[in-house]
Student: 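Below is one structure. I have some questions about it.
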Amino acid sequence: DVKVTQSSRYLVKRTGEKVFLECVQDMDHENMFWYRQDPGLGLRLIYFSYDVKMKEKGDIPEGYSVSREKKERFSLILESASTNQTSMYLCASPPLGGKGWNEQFFGPGTRLTVL
Amino acid sequence: GNSVTQMEGPVTLSEEAFLTINCTYTATGYPSLFWYVQYPGEGLQLLLKATKADDKGSNKGFEATYRKETTSFHLEKGSVQVSDSAVYFCALQYNFNKFYFGSGTKLNVKP
């Protein structure tokens with residue numbers, strides 16, 4: 001089974017801090033995604049990566065950046081955390097190479113609170 | 001543009017009741033359609049999928065049929081259990097990197 005893990009389940013940070021959220025997948029997938037989940041809004045795509053050092057902006061990239069130095073690891077970075085970034089963050093990775101239709105395999109999520 | 005609309009919750013049912021969660025979509029072309037489930041404290045898991053019109057996806061007693069004429073993908077289960085309590089997300093995939101999710105419907109099943 002594909003496994004997608006996230007470094008923290010719960011995180012509390014202060015406004016202005018730099019925050020790193022880590023995601024690791026163990027099946028050599030090219031594609032990895034970062035979403036945020038908010039009540040009533042569903043999942044919104046922040047960034048995705050289709051290969052090492054390759055990234056593309058999703059629908060809501062403002063205030064975020066990403067890093068993909070190794071194929072298995074995709075990091076989401078909040079350069080200067082703000083209270084409106086309090087949310088659940090979900091990492092996902094499809095099981096195939098990104099060609100054709102794919103289902104997403106999700107990590108357990110990181111619930112981030114910014115005070 | 002592409003989008004997914006699903007019924008607002010929460011939906012509260014008694015055990016063994018019939019479940020329907022409505023989902024409609026807007027898309028150009030021929031997307032694939034999915035239902036995901038999120039149990040408390042967990043990430044999303046794929047529940048079922050359908051890749052073309054008239055396909056029926058099924059899993060764990062849940063079913064959904066891809067209806068192109070009504071642009072719908074309603075989730076149904078004949079007899080829900082307490083363990084089905086979760087949040088259900090309808091989603092479509094338009095391209096290899098384009099997934100669109102509904103806002104989620106919370107289901108509460110009471111014994």
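Residue numbering restarts at 1 for every chain, and letters A, B, ... go by the order of the sequence lines.
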Student: Please tell me whether A:Met88 and A:Ile46 are part of a single hydrophobic cluster in this structure, the criterion being side-chain heavy atoms less than 4.5 Å apart.
Tutor: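 Per the 4.5 Å side-chain linkage, A:Met88 and A:Ile46 are not co-clustered.
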Student: Within the supplied structure, the quantity of interest is the number of heavy atoms (other residues, nucleotides, ligands) at a distance under 6.0 Å from B:Glu16 CD; does it exceed 12?
Tutor: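 Open: at most 12 neighbouring heavy atoms sit under 6.0 Å from CD of B:Glu16.
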Student: Say whether A:Tyr89 and B:Phe101 are linked into one hydrophobic cluster, either directly or through other cluster members, by side-chain heavy-atom distances under 4.5 angstrom.
Tutor: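 Each belongs to a different hydrophobic cluster.
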Student: Can you name the closest pair of heavy atoms from A:Phe106 and B:Leu44 and give their distance?
Tutor: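 Shortest heavy-atom separation between A:Phe106 and B:Leu44 comes out as CB-O, 3.3 Å.
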Student: By a 4.5 Å heavy-atom criterion (distance strictly below it), what part of A:Leu41 contacts chain B: side chain, backbone, both, or neither?
Tutor: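 Only the backbone of A:Leu41 comes within 4.5 Å of chain B.
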Student: Can you tell me which portion of A:Arg9 sits under 4.5 Å from chain B's heavy atoms? Options are side chain, backbone, both or neither.
Tutor: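 When you check distances to chain B, only side chain atoms of A:Arg9 fall under 4.5 Å.
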Student: Is it possible for you to say whether B:Ile21 and B:Phe62 belong to one hydrophobic cluster, with membership spreading through side-chain heavy-atom contacts below 4.5 Å?
Tutor: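 Result: yes, single cluster for both.
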Student: Is it the backbone or the side chain of A:Gln6 that comes under 4.5 Å from a heavy atom of chain B, or both, or neither?
Tutor: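 No part of it gets close to chain B.
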Student: Quick one: do A:Ile60 and A:Val66 end up in the same hydrophobic cluster if we chain Ile, Leu, Val, Met, Phe, Trp and Tyr together by side-chain heavy atoms under 4.5 Å apart?
Tutor: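 Same hydrophobic cluster.
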Student: If two hydrophobic side chains count as joined below 4.5 Å and joins carry through other members, does B:Val37 share a cluster with B:Leu107?
Tutor: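 Same cluster.
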Student: Evaluate the side-chain proximity of B:Tyr36 to A:Gln104: yes if any heavy-atom separation is below 4.5 Å, no if none is.
Tutor: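 Sidechains of B:Tyr36 and A:Gln104: in contact.
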Student: Which heavy atom of B:Ser103 sits nearest to which heavy atom of A:Gly40, and what is that distance?
Tutor: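 In this case the closest contact between B:Ser103 and A:Gly40 is CB-O, 3.4 Å.
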Student: Using non-hydrogen atoms only, which part of B:Gln6 is less than 4.5 Å away from chain A: side chain, backbone, both, or neither?
Tutor: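 For B:Gln6, neither part sits under 4.5 Å from chain A.
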Student: Quick one: are the ring centres of A:Tyr35 and B:Phe99 less than 6.0 Å apart?
Tutor: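 For A:Tyr35 and B:Phe99, the ring centres are not under 6.0 Å apart.
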